[in-house]
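For reference, the structure discussed in these notes is given below.
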2 protein chains.
Amino acid sequence: MPRKPQQQRAKATVDSIVEAGFICLGRYGIEGSTTRHIADVAGIGVGSLYEYFANKHEVMDAMYQRVVADVVAMIQPLTPQLVKMDIREAVRTLLYDFRELLMRDDGRYLKYAGHAVNIAHRDNLEPINKILMDLVVQYVMHHPEVMKMPNIPVMSYIVINGGMFSVIRHLGETSPMITFDQLAEGLVDMVGHIVDGELRKVETI
Amino acid sequence: MPRKPQQQRAKATVDSIVEAGFICLGRYGIEGSTTRHIADVAGIGVGSLYEYFANKHEVMDAMYQRVVADVVAMIQPLTPQLVKMDIREAVRTLLYDFRELLMRDDGRYLKYAGHAVNIAHRDNLEPINKILMDLVVQYVMHHPEVMKMPNIPVMSYIVINGGMFSVIRHLGETSPMITFDQLAEGLVDMVGHIVDGELRKVETI
DNA sequence: GTCCTAATCCGAATTGAATCCGAACAATAA
DNA sequence: TTATTGTTCGGATTCAATTCGGATTAGGAC
């Protein structure tokens with residue numbers, strides 16, 4: 001039965017807990033961060049933590065909310081300008097601002113985002129990445145015309161990572177906005193358009 | 001100090017533990033799956049589990065290895081055929097086979113993949129998704145020419161999810177194969193090519 | 001100023017899951 | 001058979017998360 005902070009000092013306490021959460025995440029990792037760590041860093045007793053958060057997970061949630069809120073707060077005021085730009089320029093702007101946000105404060109948000117998207121298994125994901133990269137190489141060897149394409153490594157990285165994530169996320173969705181068939185056709189077209197577009201880019205030089 | 005299984009029955013035990021891990025994951029979720037649960041389902045004592053796995057996390061790792069191995073085993077023999085196909089057909093084939101694998105056995109692998117890519121926070125990711133979708137809508141309103149594009153929702157889904165994941169993953173990478181600038185330009189071109197390609201598709205009808 | 005109440009803070013005690021360990025139980029070899 | 005090594009087991013231990021009851025403080029009433 002967590003309580004809502006009412007007095008000013010309580011709000012400060014809640015804030016210091018979330019703050020400490022980020023610090024501990026950077027210092028001890030997500031598993032290593034005990035409630036005692038967090039309370040110590042926040043400069044409060046363990047019990048106080050449970051006045052405002054039902055459990056440790058809720059602290060993480062609050063951290064998450066903060067990241068999300070900041071991302072939204074970043075995009076919202078940017079929208080009017082983005083909307084007027086050329087689409088490529090808009091994407092570019094968004095990407096760099098997004099990075100700036102994630103890197104802020106020694107990458108504190110990035111560390112959280114990394115865990116949220118579980119990069120713990122980053123290294124073990126390698127085999128899949130590798131075999132897909134191999135596939136790309138083999139494919140290119142069989143289709144000499146696409147060899148002229150620049151950025152093959154970059155585009156592969158994007159397509160492989162982005163594609164896998166989209167599919168996994170979609171399959172896990174309880175009530176997806178789009179069907180799997182639509183997603184699949186979309187990915188197919190995406191890859192097709194990228195190849196066509198990149199090749200066209202080269203030809204017109 | 002986990003041990004390598006040497007006798008046949010020990011190998012069977014190890015296997016039953018990994019197997020039980022998948023079952024428990026489906027039954028109790030990732031947090032709810034205690035070592036005792038796993039041991040019970042595997043039909044062994046808790047202690048036996050620790051003969052072969054240093055800790056619970058290693059059991060999860062073994063499960064992960066299995067998923068990865070199966071994905072690789074799926075792609076490997078497929079490569080010769082994929083390589084001969086038209087690229088769109090190849091992507092399509094790969095996607096459906098990938099889904100089939102993840103869905104196998106009542107989605108046991110998908111459940112793991114979902115946790116590995118932490119879909120726990122799926123719902124809370126919504127605000128970011130929403131604001132980006134809004135951005136797309138606003139953008140389209142300011143650029144009537146792209147309104148003719150079909151698949152706007154699908155392409156947005158792919159670009160938003162795939163793009164965010166690629167960026168977060170890349171920023172978390174310790175020794176990235178490509179620079180952030182390359183990734184960003186790649187994403188920019190990807191979006192550009194998709195828009196161009198989709199519009200061209202419509203025009204040529 | 002004093003009093004009172006609710007809000008806040010605390011940390012020792014409890015709980016429960018992960019992990020360890022040593023005894024008991026198979027397999028294998030000599 | 002006996003010795004040796006591999007395997008299984010579940011009670012004992014450890015450690016972090018969570019609870020609880022009391023101490024402390026803010027802020028309004030008088």
Side-chain angles (χ1 to χ4, degrees), chain A residues 1-65 112 115 118 120-121, chain B residues 1-64 112 115-116 118 120-121:
Chain A
M1 41 207 73
R3 192 187 320 176
K4 285 267 164 295
Q6 311 204 327
Q7 302 179 2
Q8 197 49 47
R9 61 176 176 154
K11 288 193 215 306
T13 300
V14 169
D15 227 52
S16 72
I17 292 170
V18 175
E19 181 71 13
F22 280 111
I23 293 171
C24 288
L25 181 63
R27 198 180 292 176
Y28 311 106
I30 204 150
E31 294 302 327
S33 298
T34 69
T35 49
R36 211 164 288 276
H37 278 151
I38 296 174
D40 283 353
V41 171
I44 60 164
V46 233
S48 305
L49 191 152
Y50 286 90
E51 292 290 335
Y52 306 105
F53 299 95
N55 50 47
K56 192 167 96 159
H57 191 251
E58 279 203 357
V59 177
M60 302 291 174
D61 265 3
M63 292 162 63
Y64 190 77
Q65 311 277 19
Y112 192 94
H115 284 294
N118 207 334
H121 283 138
Chain B
M1 44 208 68
R3 193 191 316 178
K4 285 267 164 298
Q6 311 205 327
Q7 302 179 0
Q8 196 50 47
R9 63 174 177 149
K11 289 195 214 303
T13 300
V14 168
D15 228 51
S16 71
I17 292 170
V18 175
E19 182 70 12
F22 280 112
I23 293 171
C24 287
L25 180 62
R27 197 179 294 176
Y28 311 107
I30 204 149
E31 295 301 327
S33 298
T34 70
T35 50
R36 215 162 284 273
H37 277 151
I38 296 175
D40 284 352
V41 170
I44 61 165
V46 233
S48 305
L49 190 152
Y50 286 91
E51 292 291 328
Y52 307 105
F53 299 95
N55 48 48
K56 192 168 97 161
H57 191 251
E58 277 201 359
V59 177
M60 300 292 172
D61 266 3
M63 290 161 63
Y64 191 76
Y112 192 94
H115 285 292
N118 207 335
H121 281 138

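Proteins get letters first, then strands, A, B, ... in listed order; numbering begins at 1 in each.
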Shortest non-hydrogen contact between [X] and [Y], atoms and distance:
| X | Y | result |
| --- | --- | --- |
| B/Glu31 | B/Lys56 | O-NZ, 4.1 Å |
| A/Ser33 | A/Leu25 | OG-N, 3.7 Å |
| B/Cys24 | B/Val41 | SG-CG2, 3.6 Å |

Residue pair B/Thr35, B/Tyr50: steps toward the side chain to side chain contact (heavy atoms under 4.5 Å, CB included) verdict: CA-CA 9 Å; B/Thr35 50; B/Tyr50 286 91; 3.2 Å; yes
CA sep, side-chain torsions, deciding dist, call: B/Val59, B/Tyr52, side chain to side chain contact (heavy atoms under 4.5 Å, CB included): CA-CA 9 Å; B/Val59 177; B/Tyr52 307 105; over 6 Å; no
Side chain to side chain contact (heavy atoms under 4.5 Å, CB included) between B/His37 and B/Thr34, worked out: CA-CA 5 Å; B/His37 277 151; B/Thr34 70; 3.4 Å; yes
Set of side-chain hydrogen bond (donor to acceptor under 3.5 Å, both in side chains) partners for A/Arg36, sequence neighbours left out: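 Listed in chain order: nothing, the list is empty.
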side-chain hydrogen bond (donor to acceptor under 3.5 Å, both in side chains) partners for A/Glu58, two or more places apart: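 Expected list: none.
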Start and end of chain B contact along DNA chain C [non-hydrogen atoms, under 4.0 Å]: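 Contacts span C/dA17 to C/dA27, reading 5' to 3'.
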Touch class at under 4.0 angstrom, heavy-atom based, for A/Ile44 against every strand present: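 Counting heavy atoms under 4.0 Å across all strands, the contact made by A/Ile44 is with sugar-phosphate only.
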Touch class at under 4.0 angstrom, heavy-atom based, for A/Tyr52 against every strand present: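 Sugar-phosphate, no base atom in range.
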Working for side chain to side chain contact (heavy atoms under 4.5 Å, CB included), residues A/Met60 and A/Ile30: CA-CA 9 Å; A/Met60 302 291 174; A/Ile30 204 150; 4.2 Å; yes
Interface with DNA chain C, restricted to residues 8-27 of chain A and to heavy atoms under 4.0 Å: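 Of all residues in residues 8-27 of chain A, the ones placing a heavy atom under 4.0 Å from DNA chain C are A/Arg9, A/Ala10, A/Thr13.
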B/S/- contact track for nucleotides 14-23 of chain D, protein heavy atom under 4.0 Å: --SSBB----
Non-neighbouring partners of B/Phe22 that pass ring pair (Phe, Tyr, Trp, His ring centres under 6.0 Å), sequence neighbours left out: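 B/Phe22 satisfies ring pair (Phe, Tyr, Trp, His ring centres under 6.0 Å) with B/Tyr109 once adjacent residues are dropped.
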